[in-house]
There are 2 protein chains.
Amino acid sequence: MLNEAINLEILPEAAGEPERRVRDRGATERAILAAAKGLLAEQGFQNFGINAVARRAGCDKQLIYRYYGGLDGLVEAIGADLGTWVKDRIPEDTGGMFLLTYGDLMERLSLLLLDALRDDPLMRRILAWEISENTEQVRRLSEARSKALALWLERMRGSLAPPKGVDAAAVNAVVIAAIQHLVLAAAAGGQCAGLSLKTSKDWEKAATALKRIVRGVYG
Amino acid sequence: MLNEAINLEILPEAAGEPERRVRDRGATERAILAAAKGLLAEQGFQNFGINAVARRAGCDKQLIYRYYGGLDGLVEAIGADLGTWVKDRIPEDTGGMFLLTYGDLMERLSLLLLDALRDDPLMRRILAWEISENTEQVRRLSEARSKALALWLERMRGSLAPPKGVDAAAVNAVVIAAIQHLVLAAAAGGQCAGLSLKTSKDWEKAATALKRIVRGVYG
DNA sequence: CCCGTTACTCACCGATTGGTGACAGCGGGG
DNA sequence: CCCCGCTGTCACCAATCGGTGAGTAACGGG
């Protein structure tokens, strides 16, 4: 009778999950990857482990070892999956693309990046992970992320050249740093350096300041 | 004889540690606090736990519960200790204080903050912790940190008023965000958004960009 | 000298972690 | 048909975690 009770719980005849996977390795692999990404996005890297992923994927952790070679391989798979971030995030029309100056471009890109990060919890968690740890795991993931981001920036930039006389690479790095930290701090505590970042009105203020800064450097 | 062997190992007659504390509660409390701060600064918040702190302090974890009421209290004590950060970090002469404009001031403050964070591993770890977690523990510590930083900024600012027409609070928050993220990313991976941040030459470039940005907004 | 308070250590608890070896069940190829 | 390989499950391991209760050793006042 104990078995019966367990069966009733375990087998979701018509329960939440639509159908039970049956000996479909591809589907299982996908489920594991999805579980890992979801777990990382929702809980962060603190409680990210083999057991937690397997629990969420609804399978045995042994399969993670078999199919991905452990957590490291799984993390690498997440990194590989990040390649799709670029094309998912490129709006087909970039506002008519009537971008006249490098300043126009950077202002637009800054705001786009801000919004893109604002509603991408997984990317945010990876970013926070990068900053907090320096293991090989994280380094690889970080590389994939920065590559994706760089590719995105390149695609968006087109062929507009930065003005002479300014170290555009350094300036842009500072601007990106600001954007990333604003989003991370907001997601974690709803504020940054005393500036509240909760309502959309708060974000308008931040965006305005950001625009002002970009305009200040690039005219 | 087993006792003898243990004694030889445990009691460092003339071993690494200078002297063994003997029934000095104050010293033990200080040792625990120092161990906690050191551990957090060196290892980060990942392996920060009761056992690790007690191990480093060279005492039983029970004492942490007794003297600090557990990890939470200990973290709070670290936060309280952060109050001294302000006066430790205020240079007596702020360069003669011949600061003419708000732009002069913010440029100077930005660089000072950058340097202050660059060589304060504990503050960096706390910053990273803030961004990665949102527990009550972290929230309190975060509050203490931001209060210390705000006080520091206020002390340094003096009575110079920001120019009208710009949302100085928002702009400054963005600048501070940039500084914090630059330092965190550099400490973790030696770069930020493709910009290498290892050599002092790298940092000069970053500082120049930062100055340019501040000058761009505040003229 | 004794005795109570204080400072401190030790041994243990249940839970959870990452990791591994053994086993069960289905399916396809010989 | 049988058997082998693939998919998936389960039971177990040592280590570590946070947390607690009981016990020990030094100190100080009477």
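Residue numbers begin at 1 in each chain, while the letters A, B, ... track the order of the sequences.
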Between [N] ([atom2]) and [X] ([atom1]): distance, integer Å:
| X | N | atom1 | atom2 | value |
| --- | --- | --- | --- | --- |
| A:Gln46 | C:dT17 | CD | C1' | 15 Å |
| B:Leu74 | D:dG18 | CG | C1' | 14 Å |
| A:Leu63 | D:dT9 | CG | P | 6 Å |
| A:Arg25 | D:dG8 | CZ | P | 9 Å |
| B:Ile32 | C:dC8 | CD1 | P | 8 Å |
| B:Arg30 | C:dA7 | CZ | P | 13 Å |
| B:Tyr68 | D:dG18 | OH | P | 18 Å |
| B:Arg66 | D:dT20 | CZ | C1' | 11 Å |

Is any N or O donor-acceptor pair between the side chain of B:Arg23 and the base of D:dA26 shorter than 3.5 Å? yes

Salt bridge between A:Arg30 and A:Asp81, side-chain N to carboxylate O under 4.0 Å? no

Pair B:Glu136 + B:Arg139: basic N to acidic O under 4.0 Å: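 Yes, B:Glu136 and B:Arg139 are salt-bridged.
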
Side chain of B:Lys61 only, please: which of D:dG18, D:dT9, C:dT9 is the nearest?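 Closest nucleotide to the B:Lys61 side chain: D:dG18.
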
Options D:dC27, C:dG19, C:dC10, nucleotide nearest the side-chain atoms of B:Asp60: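 The answer is C:dC10.
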
Hey, is the side chain of [X] poking within less than 4.0 Å of OP1 or OP2 on [N], counting only N and O atoms?
| X | N | answer |
| --- | --- | --- |
| A:Tyr67 | D:dG8 | yes |
| A:Tyr65 | C:dG18 | no |
| A:Arg55 | C:dT17 | yes |
| B:Asn51 | D:dG18 | yes |
| A:Thr28 | D:dG8 | yes |

Between the opening five pairs and the closing five pairs of the helix from C:dC1-D:dG30 to C:dG30-D:dC1, how far apart are the helix axes, to 10°? 30°

So, does [X] use its side chain to make a donor-acceptor pair with the main chain of [Y] at under 3.5 Å?
| X | Y | answer |
| --- | --- | --- |
| A:Asp72 | A:Gln137 | no |
| A:Tyr68 | A:Val75 | no |
| A:Arg145 | A:Met123 | no |

Qualifying residue, where the test is side chain to side chain donor-acceptor pair (under 3.5 Å) with A:Glu42 and the options are A:Arg125, A:Lys37, A:Arg56: A:Arg56

What pairs of donor and acceptor atoms, side-chain ones from residues 109-118 of chain B against any protein atom, are under 3.5 angstrom apart with sequence neighbours left out?
unit_1	atom_1	unit_2	atom_2	d
B:Ser110	OG	B:Met106	O	2.6

On DNA chain C, compare the nucleotides closest to B:Gln62 and A:Gln62; which residue's is nearer the 5' end? B:Gln62

